[in-house]
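Computed from heavy atoms alone, side chains included, the values below leave out hydrogens, waters and symmetry copies.
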Amino acid sequence: MKTTAVIMAGGRGERFWPKSRNSRPKQFLSLTSDGETMIQKTVKRLIPLVDISDIYIVTNSAYKTLVKEQLPDIPEENILAEPAARNTAPCIAFAAAVINQKYNDAVMIVLPSDHLISNEKLYTDTLRKAVYTAEQEENLVTIGITPTYPETGYGYINFSEEYNGAYTVEKFVEKPDLQTAEKYLDSGKYLWNSGMFIWKISSIFTNIKKFMPDIYEGALKIGKAFNTPDFNDVLIREFTAFRSESIDFGIMEKAKNIYTIPGSFGWDDVGSWLAVERINETDENNNYIDGNIISEDTHHATICGGKRLIAAVGIKDTIIVDTDDALLVCSKNNTQDVKKIIALLKNQGREDLI
């Protein structure tokens with residue numbers, strides 16, 4: 001069976017403000033020393049497993065040009081531009097409908113565009129196992145990350161008995177408090193929810209039809225109109241009518257016959273500025289420094305700038321990010337709250353800074 005991949009690339013990356021902006025969000029930025037952007041890395045990792053002609057990018061219509069610039073080898077018809085932001089369930093239904101028109105069923109690997117992987121061979125081997133599992137029957141497969149510490153910022157997957165190298169999913173659970181996360185870690189029966197999914201299109205369509213019938217009907221109409229003169233009109237009409245819903249809440253928390261495959265391939269979801277020091281080398285004081293920076297008595301800091309000199313003295317556990325028009329100074333304990341700055345700027349009508 002044909003293996004395809006869908007990369008979800010419509011997010012705003014608000015927790016990486018002020019580098020990440022509406023005009024160029026996180027997935028189109030390079031956060032590592034090799035200069036490759038997040039989405040370029042995501043596509044590159046897939047090449048051993050999926051032909052470039054079978055990789056699809058679902059993104060906001062405003063980012064279609066960015067996708068073409070950064071991924072020139074992706075066929076233009078494989079860049080699926082959403083006319084509105086509707087979360088991951090409509091995104092996946094849209095892509096599944098388009099691919100189904102081409103292949104009348106295929107395996108579909110669904111990935112976020114902004115994760116980093118350190119062991120790419122093990123990652124590819126894990127995806128191959130997931131593809132094999134998905135081909136065997138009408139099931140849904142997810143990659144769970146083997147936890148290494150009691151993380152409170154991720155959802156978890158509770159699993160039980162083994163089935164051909166995969167494990168039966170008992171339930172998905174929301175982000176826990178620290179005490180609960182410690183229990184999950186000690187039990188050995190929980191994985192971090194990575195947001196990576198593998199299934200046959202027929203399998204996910206069965207579940208979308210059951211749990212989200214309105215989105216199913218709309219997606220079928222979009223798929224039938226693909227590559228016809230009516231496509232844009234049908235897409236705008238049907239997609240904008242979809243409710244905003246995550247695939248986790250809409251399908252995964254309700255469906256049966258779900259399997260997970262544990263992954264230990266050096267995964268990082270790069271969710272906030274805290275990730276930058278994890279994915280790059282730090283100096284002898286555990287600082288990540290990028291730009292025209294001098295520092296004295298500075299420890300465990302992340303400082304990113306440009307041509308303008310940044311002088312840091314006596315700071316600890318702090319994030320400093322300087323751009324041409326904005327400066328972020330943030331305690332490491334509050335990196336998740338950077339999104340609140342976006343809300344404040346919106347309320348003040350300062351859209352030029354978002």
Side-chain angles (χ1 to χ4, degrees), residues 9 11-45 66 69-70 112-120 123 145 148-149 151-154 265-342 344-345 350 352-354:
R12 300 289 186 180
E14 292 182 341
R15 285 174 293 180
F16 269 86
W17 184 88
K19 288 280 190 183
S20 180
R21 302 291 182 96
N22 283 347
S23 60
R24 188 178 291 266
K26 178 180 65 170
Q27 59 269 30
F28 300 107
L29 300 177
S30 172
L31 297 174
T32 52
S33 59
D34 58 18
E36 290 182 323
T37 66
M38 306 288 279
I39 195 169
Q40 287 172 334
K41 286 179 173 293
T42 303
V43 169
K44 187 177 179 180
R45 286 194 296 267
L66 276 174
E69 288 175 354
Q70 295 196 3
S113 58
D114 54 1
H115 292 177
L116 289 179
I117 307 294
S118 60
N119 189 331
E120 296 189 3
Y123 167 80
I145 305 301
T148 53
Y149 59 93
E151 172 62 56
T152 59
Y154 300 147
F265 36 70
W267 171 84
D268 198 304
D269 77 334
V270 198
S272 73
W273 280 109
L274 283 179
V276 172
E277 68 181 43
R278 293 197 302 264
I279 62 179
N280 291 286
E281 291 186 11
T282 56
D283 65 17
E284 65 276 9
N285 293 317
N286 297 304
N287 300 314
Y288 172 72
I289 304 295
D290 180 33
N292 186 10
I293 318 292
I294 58 173
S295 64
E296 174 65 27
D297 191 26
T298 295
H299 303 269
H300 299 280
T302 293
I303 308 176
C304 301
K307 293 181 179 180
R308 180 166 55 179
L309 174 67
I310 298 175
V313 181
I315 63 171
K316 183 179 180 181
D317 296 325
T318 302
I319 309 285
I320 299 174
V321 183
D322 189 30
T323 65
D324 290 342
D325 59 355
L327 171 67
L328 170 70
V329 181
C330 176
S331 165
K332 284 189 177 181
N333 292 328
N334 296 92
T335 54
Q336 299 297 322
D337 294 333
V338 172
K339 293 178 71 173
K340 295 180 180 179
I341 299 297
I342 304 297
L344 289 172
L345 290 170
R350 305 184 72 179
D352 58 309
L353 293 173
I354 299 175

To the closest 0.5 Å, what do you measure between [atom1] ([X]) and [atom2] ([Y])?
X      : Y      : atom1 : atom2 : value
Asp269 : Asp114 : CG    : CG    : 7.5 Å
His299 : Thr318 : NE2   : OG1   : 11.5 Å
Ile320 : Ile293 : CD1   : CD1   : 8.0 Å
Ile303 : Asn292 : CD1   : CG    : 11.5 Å
Ser33  : Tyr288 : OG    : OH    : 7.0 Å
Lys339 : Trp17  : NZ    : CH2   : 15.0 Å

Side-chain contact test, heavy atoms from C-beta onward, threshold under 4.5 Å: evaluate it for [X] versus [Y] and give yes or no.
X      : Y      : value
Met38  : Leu29  : no
Ser331 : Asp317 : no
Phe16  : Leu31  : yes
Trp273 : Lys19  : yes
Thr42  : His115 : no
Asp283 : Ile289 : yes
Leu116 : Lys41  : yes
Gln70  : Ile39  : yes

Shortest non-hydrogen contact between [X] and [Y], atoms and distance:
X      : Y      : answer
Asp34  : Glu36  : OD1-N, 3.0 Å
Gln27  : Ala9   : NE2-O, 2.9 Å
Ile310 : Cys304 : CD1-O, 4.1 Å
Lys26  : Gly271 : NZ-CA, 4.2 Å
Ala326 : Pro18  : CB-CB, 3.9 Å

Item checked: Residue pair Leu66, Arg24: steps toward the side chain to side chain contact (heavy atoms under 4.5 Å, CB included) verdict -> CA-CA 8 Å; Leu66 276 174; Arg24 188 178 291 266; 3.5 Å; yes

Margin query: Glu277 vs Thr282, test: side chain to side chain donor-acceptor pair (under 3.5 Å). Steps then yes/no.
Written below: CA-CA 6 Å; Glu277 68 181 43; Thr282 56; over 6 Å; no

Note to self: Arg350 vs Asp325, test: salt bridge (Lys or Arg N to Asp or Glu O under 4.0 Å). Steps then yes/no.
What the structure shows: CA-CA 12 Å; Arg350 305 184 72 179; Asp325 59 355; over 6 Å; no

Expected output: side-chain [X] to main-chain [Y] donor-acceptor under 3.5 Å:
X      : Y      : value
Ser20  : Arg12  : yes
Asp297 : Val313 : no
Asn287 : Thr298 : yes

Margin query: Walk me through whether Arg45 and Tyr123 qualify under side chain to side chain contact (heavy atoms under 4.5 Å, CB included).
Written below: CA-CA 8 Å; Arg45 286 194 296 267; Tyr123 167 80; 3.9 Å; yes

Check: Would Asn280 and Thr32 count as a side chain to side chain contact (heavy atoms under 4.5 Å, CB included) if you check the C-alpha gap in whole Å, the side-chain angles of each, and the deciding distance to 0.1 Å?
Finding: CA-CA 6 Å; Asn280 291 286; Thr32 52; 4.1 Å; yes

Next item on the list: Under the salt bridge (Lys or Arg N to Asp or Glu O under 4.0 Å) rule, what do Lys340 and Glu14 come out as? Steps first, then yes or no, please.
Entry: CA-CA 9 Å; Lys340 295 180 180 179; Glu14 292 182 341; over 6 Å; no

Notebook entry, point to check: Are more than 12 heavy atoms from other residues, nucleotides or ligands located less than 6.0 Å from atom CZ of Arg278?
Noted result: yes

Notebook entry, point to check: Does atom CG of Asp324 have more than 12 heavy-atom neighbours from other groups under 6.0 Å away?
Noted result: no

Next item on the list: Establish, from distance only, whether the side-chain atoms of Asp337 and Thr335 form a donor-acceptor pair under 3.5 Å.
Entry: no

Next item on the list: Report the C-alpha distance between Cys330 and Val338 in whole Å, list the side-chain angles of each, state the deciding distance to 0.1 Å, and finish with yes or no for side chain to side chain contact (heavy atoms under 4.5 Å, CB included).
Entry: CA-CA 8 Å; Cys330 176; Val338 172; 4.2 Å; yes

